Structures are given as C-alpha cells and as structure tokens.
Amino acid sequence: MENAAKIHPATSFEVHIPLNPTMHLTTSTENVKHVLITKFDNYPKGPLWRDNFADLLGEGIFNADGVAWKKQRKVASYEFSAKTLRTFMYDVFAKHSQQALSVMKTEKAASSSELVDCQEVFARYTLESIGVIGFGCSLGAFKDANVSASFGDAFNLATLHTADRFVDPIWKLKRLLQIGSEKKLSAAIRQIQSFCSKVIAERHQDKNLDEKADLLSRFMSMSKNSTSDVNRISSRGEEGGGELEFSDKELYYIIINFVLAGRDTTANSLTWTLWELSKEKNKGCVDKIREENRELRKDAGAGGEGLHDHDLISKSHYLKSVIYEGLRLHPPVPVDIKEAEKDDVLPDGTIVKSGERVMFLIWCMARQKDIWGDGAEDFKPERFLGEEGKFKAPEGETAGRCPRS
Ligand code: HEM
C-alpha cells in the first residue's frame, strides 16, 4: 500500500477484489475530513464490517451504527469526559506500569545480556489495565510469564479468527459446519462470554455499584438510574440515543468492545514509541523527557526522577509530543474503512457509489511531505510543540472518533 500510494500520483485510487464492491484508497486529508466529519452520516461502518465482527462484538460501540451507536457513544462521551474516570484510568495505568517495570527487571534482568520482549510485557500491561478499567477486576496477566490468563488467550484467538473472516470467502459455511478457524472462534467466544457473564452477575449483587469507577459499573449504574441519567446526559447536548437502559447482553458487548478498542492499540503505541526512543539518533528525546520530568517534579517539590501524578502529566508537554509523534509515525490503527450509504463525491473528485468503501491509508499519510513537510518520515516530537514549548494538537484532531482522545 505504501508503494501504491507513492507510485500513484493522485490522492485516491481504486482496488477491485473479486465479489467485493470497489474500495477507494485515499491519502487525502480533505477526503478524511469529508468522511469523518462533513458527511459522517453517509459513512457508517457498513454491513460487511458489522457482519464479520458480529459474533465477537455484537452491537457494541465499535461495531454499531445508527441508534445503537448513538446510545453507547452518548454514555461513553459523558463518562470519558468525567474526571472520575480519567483519574481512575490514570491510577490504573500508573499502578500497572510499576508491575510491568518489575516484570522487565526480574524476569529477564536488565543486568544480564538477555533480551527483554517489551512488546509482550506491554501486551500484558494493557490487558491487565483494561481489565480493571473495563470490568473492575484483574485478568491475571501479570501472574505468569506467558500472558496465560485464559481470558487473554481466548481474546487473542477470537480477534485473530475474526480478522480471518475478511479474507476467507467461505467463513459462513465453516461457521455453519463448525470447522477450522470458525470452530476455534466459537470456542474462544464461549470462554470470553462465560467469564463476562460471571462478572456481570456478581456486579448486579454489588451494593457499592454506584461508587465504582470501572466502565462496567458505570454503564450498569447508568442503566439502573436510567431516567435521571438520560436528563443529565442530554443536557450536555449530545444527540440521539433515547433510553439508557442496557440488558446484560448489551453490557457484555459494550465491555468487550472497550477491551478490543483499548488493549492492543495502547500496547502497540507503547511498543513503537519505545522502539523509536531506543534508537541512538533519538537519544536526545530521552534526555529531554528526563529533563522535563525532573523540572516538573522539582517545581512540585517531589525531586528526582519518577512517575508523575495526574496533574503533572497534563503539564508534560514534551512527553505528550513524544507520544503523539509515536502515534503519528506508527498508528495502531494504520488503515480505517467506512462504507458509503448513498452515492457521493469526495473533495478530490473521487466518485463513490452507494455500498462502495473508502479506506484511509493513515500510515502512508504520516510519511507524506505535503502533509507533514520535509522530514515527514523522521521521529521529531518538536513538530507538536508550539509557542514556549507548549503542546499543540494537530489541526483536525477533533475528527477523532476515539472517546479517550
Ligand atoms: C493509543 C491508543 C488508542 C488508539 C490509537 C485508538 C484509536 C482509535 C480509532 C482510530 C478509533 C476510530 C475507529 C473507527 O471509528 O473507525 C477508535 C475508536 C474507539 N476507541 Fe480508541 N484508541 C486507543 C485507545 C483506546 C482506549 C484506551 C479506549 C478505552 C478504554 C478506547 C476506546 C475506543 C472506543 C470505545 C471506540 C469506538 C468509538 C466510536 O465508534 O464512537 N480507545 N479508537
């Protein structure tokens, strides 16, 4: 795709896959803005996406369009903007980062010449963190060296075999006959469901539900107090959605969607950013992160180097720009697809017929000089720093659909 985007002079080109509608691949920022903002209602995820993910994700936020999406989006936007959840998420990630560090130090000690597989440690770190944030319970990812927690294994298998469906024209037949990858997928989903059903049933009995900060408890509490919460959330101006009651099945899918959305993306971005920082040529970036850390801690009267508390993180402009630069060059969602509901024309003149798909080549766009200027391919966090070294969000960031951004 990178080569195709380089060779092809235009900002969009077509790909034809037998038995599939035309796919328009694009590297135009105007086209992305058009699909994600201006004509948002005309570009849902679409039936292909929803069909392939339905067994794993049901009608959870990641796999929903229309009213089902709006209802969950409303609660998610409300909850993610609340300080309680933000602080809770920060505390969970901070606590587990200490555990991840001790895994790195003890299992394959830095003092020995053995290599540490940081990607694997990050996968365990985010699984454990999202487990606590999503369900309010440990998934056991730090208990042994192989992420052998059965939930983690089942979840990995389920996502792997769900992805297989996009390139397997006979997956529906295999599902009907319960053979091959579809048999494994069904078994993995059963395992995930049985774990989640138990957690949901236990949480119904929890007398402190309303005080709990994890997402499952928040959605359950919202559902329990549905009428007053509808008014509270509606007054924030979010559109659509209707009643905020959720059945146990809906709750299950909501949380599974959050696990999928938050786990690998976060592990992936940590891995790539660390990879960039470990390069000799980027050593200066590490020095600057440390310097900023020391300065902020000194101002706060803490001294030395170490983990920031929640307030200091928001003042870490350089660190934030490093994370953005890691995300820019190595986007955990490197391409994204939407499906046109009605005929449309993209800003670069591409004609998109109803049912055809538009794919953004996000990874390729990060390497384009016309978007990021000379040195687009370089790791340069300073591109996100504005006046007086303050972090400056890139233009159009609001196009983001991720509620945690
Ligand atoms: C580096 C980390 C992350 C990246 C790069 C990322 C990226 C994205 C992207 C690109 C989308 C839009 C997908 C689409 O509509 O086609 C998305 C949606 C979403 N993300 Fe994230 N995400 C990250 C972390 C998280 C975390 C930690 C959570 C939750 C705990 C989360 C929850 C969600 C949810 C619920 C959606 C669906 C939103 C909707 O459809 O309205 N994400 N994310």
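Please read these numbers as outputs of a predicted model, since none were measured by experiment. In what follows, every heavy atom counts, from backbone to side chain, and hydrogens, waters and symmetry copies are set aside. In listed order, ligands and their atoms are each counted from 1.
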By number and element, which atoms of ligand 1 are closer than 4.0 Å to a non-hydrogen atom of [X]?
{"X": "Pro332", "result": "5 (C)"}
{"X": "Asp336", "result": "13 (C), 14 (C), 16 (O)"}
{"X": "Phe62", "result": "18 (C), 19 (C), 36 (C), 37 (C)"}
{"X": "Arg73", "result": "38 (C), 39 (C), 41 (O)"}
{"X": "Phe258", "result": "29 (C), 35 (C)"}
{"X": "Lys45", "result": "40 (O)"}
{"X": "Trp69", "result": "39 (C), 40 (O), 41 (O)"}

* **From Lys74, Arg263, Lys70, Lys338 - option closest to atom 14 (C) of ligand 1 by heavy atom** =>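 Nearest heavy atom to atom 14 (C) of ligand 1 lies in Lys338.
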
* Asked: Who gets closest to atom 33 (C) of ligand 1 by heavy atom: Ala267, Ala76, Ser129, Ala261?
  ->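 Going through Ala267, Ala76, Ser129, Ala261 one by one, Ala261 has the nearest heavy atom to atom 33 (C) of ligand 1.
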
* Asked: Hey, is Ile61 one of the residues with a heavy atom under 4.0 angstrom from ligand 1?
  ->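 For ligand 1, residue contact (heavy atoms, under 4.0 Å) with Ile61 is present.
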
* Asked: Quick one: does Leu327 get a heavy atom under 4.0 Å from ligand 1?
  ->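 Under 4.0 Å: yes for Leu327.
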
* To do: Check the angle between the aromatic planes of Trp275 and Trp272 and answer parallel, tilted or perpendicular using the 30° and 60° thresholds.
  =>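 The rings of Trp275 and Trp272 stand perpendicular, inter-plane angle above 60°.
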
* Asked: Can Asp210 and Ser221 be counted as having a side-chain donor-acceptor contact under 3.5 angstrom?
  ->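 Looking only at side-chain atoms, Ser221 and Asp210 do form a donor-acceptor pair, the distance falling under 3.5 Å.
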
* Asked: For atom CD1 of Ile371, is the number of surrounding heavy atoms from other residues, nucleotides or ligands below 6.0 Å larger than 12?
  ->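 Yes, because the 6.0 Å sphere around CD1 of Ile371 holds more than 12 heavy atoms from other groups.
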
* Lys198 atom NZ, over 12 foreign heavy atoms within 6.0 Å ->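 At most 12 heavy atoms, drawn from other residues, nucleotides or ligands, come within 6.0 Å of this atom.
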
* **Qualifying residue, where the test is side chain to side chain contact (heavy atoms under 4.5 Å, CB included) with Arg263 and the options are Asn156, Leu139, Thr159** =>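 Checked Asn156, Leu139, Thr159 against Arg263; only one passes side chain to side chain contact (heavy atoms under 4.5 Å, CB included): Asn156.
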
* Asked: With no hydrogens and no angle check, is any side-chain donor or acceptor of Glu339 less than 3.5 Å from a backbone partner on Arg357?
  ->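 No; zero donor-acceptor contacts below 3.5 Å.
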
* Between CD1 of Ile200 and CD of Glu250, what distance do you get to the nearest 0.5 Å? ->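 Ile200 atom CD1 to Glu250 atom CD measures 11.0 Å (nearest 0.5 Å).
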
* Asked: Would Asp336 and Met359 count as a side-chain contact (heavy atoms from CB on, under 4.5 Å) if you check the C-alpha gap in whole Å, the side-chain angles of each, and the deciding distance to 0.1 Å?
  -> CA-CA 6 Å; Asp336 201 2; Met359 182 192 266; over 6 Å; no

